[in-house]
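Everything below concerns the one structure shown next.
In what follows, every heavy atom counts, from backbone to side chain, and hydrogens, waters and symmetry copies are set aside.
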Amino acid sequence: MVPWAPVARAVEWTPQPAPPAVVQFEPQVEVGLIGRAGPQWLALGATGALEPVQFDREPQGALQGRWPDDVWVVERREREYDEFPVHELRLMKLRGGDRWVPQERNGEQWWHPGTEDEDEPHISTYTGMLVYPASLERIDRIAGRTESPLLFKVRGKAVDFVETHKGKLYVLSADDAGVYVQSECWDDACVAAMSKQLPGANWRFGARVARGKFSVSVVASSGEESYMLNNIGKHGDWRLETLPRGETLAGMWASDDGSLWTLAGSALRWRDTEGTWHEVAPPAGFEIRAVAMSGDRGSVWLSGEQGGGPALVSAGANEPKP
């Protein structure tokens with residue numbers, strides 16, 4: 001377990017054209033700049049500045065995924081069947097950068113997720129949208145470029161999983177002895193060798209992000225302590241890193257080289273590819289309101305206020321080259 005020991009990092013910020021109002025970037029969009037300035041949607045245009053975007057209909061939910069090629073909205077509605085209220089879901093995918101198109105699941109646009117062990121939609125870090133219940137009895141990939149993922153043999157019972165940018169799975173599992181994390185296994189010998197037990201008990205898992213080709217980072221908590229569970233490369237090594245107690249991450253974004261940016265309140269931080277955390281200060285007088293990662297994962301953008309008005313700045317997101 002690695003204790004919290006950040007160091008300072010100086011960043012050269014580049015001012016960007018000021019928007020008409022403070023831009024609220026969509027926090028569930030993994031990469032790509034899309035957000036609102038007041039009622040107006042703005043996205044990064046060919047000029048390198050934020051430009052107005054007009055959708056064919058106002059999104060009925062938070063944008064998720066990767067702008068603009070794999071962006072989704074989960075719509076919800078309430079209906080009555082035989083005088084019983086039932087909630088239904090519909091998955092909408094963006095086409096052509098401006099049209100929201102419903103995606104069918106089992107031949108239906110609207111579907112009931114169930115009353116126990118409900119099916120829930122989750123954006124895939126690889127492709128499309130994944131729909132599965134808490135029991136992980138099945139996983140459906142909707143409108144993706146490949147088949148649905150298959151859970152492999154684990155120690156105990158699978159409780160969650162995380163995808164890499166190449167579609168590889170890491171699974172979190174539990175039995176009476178504890179909680180484990182492991183990579184792909186199809187026999188008992190592999191499970192015994194690859195399953196890593198986490199210390200302590202009562203583990204809970206939250207936000208996660210894929211880094212590079214094969215690495216992932218998962219926010220985890222046990223008791224009153226919060227951690228970042230990091231996979232190191234593609235060979236199954238794992239590391240728990242302590243996070244500041246009492247903080248809640250508003251978002252995290254992976255850059256092209258596998259480093260990681262996070263925002264907690266007004267605290268902007270960067271985890272380099274060696275696992276060292278850095279405290280990053282915004283420009284003088286800049287109050288951060290939102291963060292976004294560019295579509296090529298090469299630059300991080302801050303939206304906020306400076307000098308009494310809306311402002312945007314950007315900086316290189318990757319490890320500086322020697």
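With contacts defined as side-chain heavy-atom distances shorter than 4.5 Å, the pair F55/L94 qualifies. The shortest side-chain heavy-atom distance between S294 and V31 does not fall under the 4.5 Å cut-off. No side-chain heavy atom of R141 sits less than 4.5 Å from a side-chain heavy atom of M129. Taking the side chain as every heavy atom from C-beta outward, D188 and K153 approach each other to under 4.5 Å. Looking at heavy atoms from C-beta onward, L42 lies in side-chain contact with Q40 at the 4.5 angstrom threshold. The closest side-chain heavy-atom distance from M252 to M228 is below 4.5 Å. Residues R245 and E224 have side chains in contact (heavy-atom distance under 4.5 Å, counting atoms from C-beta outward). With contacts defined as side-chain heavy-atom distances shorter than 4.5 Å, the pair E120/P113 does not qualify.
Side-chain contact check for S299 and W301: at least one donor-acceptor pair (N or O, by modelled atom type) lies under 3.5 Å. Side chains of D70 and W72: a donor-acceptor N/O pair is present below 3.5 angstrom, by distance only. For the residue pair E108/W110, the side-chain donor-acceptor check at 3.5 Å is not satisfied. A donor and an acceptor atom, one from each side chain of W100 and E75, are nowhere located under 3.5 Å apart. Side-chain atoms of E30 and H165 include a donor-acceptor pair closer than 3.5 Å. Looking at E58 and W41, their side chains do bring a donor and an acceptor atom within 3.5 Å of each other. R211 and S217 are linked by a side-chain donor-acceptor pair at a separation below 3.5 angstrom, with hydrogens and angles left out of the test.
Within a 6.0 Å sphere centred on CG of D187, heavy atoms belonging to other residues, nucleotides or ligands number more than 12. More than 12 heavy atoms of other residues, nucleotides or ligands lie within 6.0 Å of CD in E78, so this atom counts as buried by the packing criterion.
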* Asked: Is there a salt bridge (Lys or Arg N to Asp or Glu O under 4.0 Å) between R269 and E279 once you walk through the steps?
  -> CA-CA 5 Å; R269 300 187 178 105; E279 301 275 5; 3.1 Å; yes
* Let me see the working for W111 and N106 under side-chain contact (heavy atoms from CB on, under 4.5 Å), right down to the final yes or no. => CA-CA 9 Å; W111 44 273; N106 298 328; over 6 Å; no
* To do: Starting from the C-alpha separation in whole Å, work towards a yes-or-no answer on ring-ring contact (aromatic ring centres under 6.0 Å, His included) for Y180 and W238.
  => CA-CA 11 Å; Y180 311 87; W238 294 88; over 10 Å; no
* Criterion side-chain contact (heavy atoms from CB on, under 4.5 Å) on V23 and L33, from CA distance to verdict -> CA-CA 10 Å; V23 178; L33 274 61; over 6 Å; no
* To do: Apply side-chain contact (heavy atoms from CB on, under 4.5 Å) to V300 and W270, showing your working.
  => CA-CA 11 Å; V300 61; W270 176 66; over 6 Å; no
* To do: Begin with the C-alpha distance, continue with both residues' side-chain angles, and end with the deciding distance and a verdict on side-chain contact (heavy atoms from CB on, under 4.5 Å) for F25 and M293.
  => CA-CA 10 Å; F25 290 122; M293 181 66 62; over 6 Å; no
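Residue S124 comes nearest to L130 through the heavy atom pair CB-CG, 3.8 Å, listed as atom of the first residue, atom of the second, then distance. Contact record, S135 with D117: OG-OD2, 2.5 Å, taken as the closest heavy-atom pair. For the residue pair Q197 and G178, the shortest heavy atom distance occurs at NE2-CA, 3.7 Å. In terms of heavy-atom proximity, S222 sits nearest to R204 at N-NH2, 4.4 Å. Taking each heavy atom of W4 and T242 in turn, the nearest pair found is CE3-O, 3.1 Å. Between L136 and D160 the shortest heavy-atom distance is CD1-N, 3.6 Å.
Under 4.0 Å is where a charged nitrogen must lie from a carboxylate oxygen, and between R90 and E88 no such pair does.
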Taking only distance into account, with no hydrogens and no angle test, what donor-acceptor pairs under 3.5 Å do side-chain atoms of residues 5-16 form with protein atoms, sequence neighbours excluded?
residue	atom	partner	partner atom	Å
W13	NE1	A281	O	3.0
Q16	NE2	S314	OG	2.8

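The backbone N or O of A317 lies less than 3.5 Å from a partner atom in the side chain of W261, making a donor-acceptor pair.
Under the 4.5 Å side-chain contact rule for hydrophobic residues, V73 and V131 do not share a cluster.
Classified by interplanar angle (parallel below 30°, tilted 30° to 60°, perpendicular above 60°), the ring pair F161/Y132 is tilted. Using a 30° and 60° split on the angle between ring planes, H87 and H112 fall in the perpendicular class, above 60°.
Every residue two or more places apart in sequence or in another chain was checked for a side-chain hydrogen bond (donor to acceptor under 3.5 Å, both in side chains) with E137, and none qualifies.
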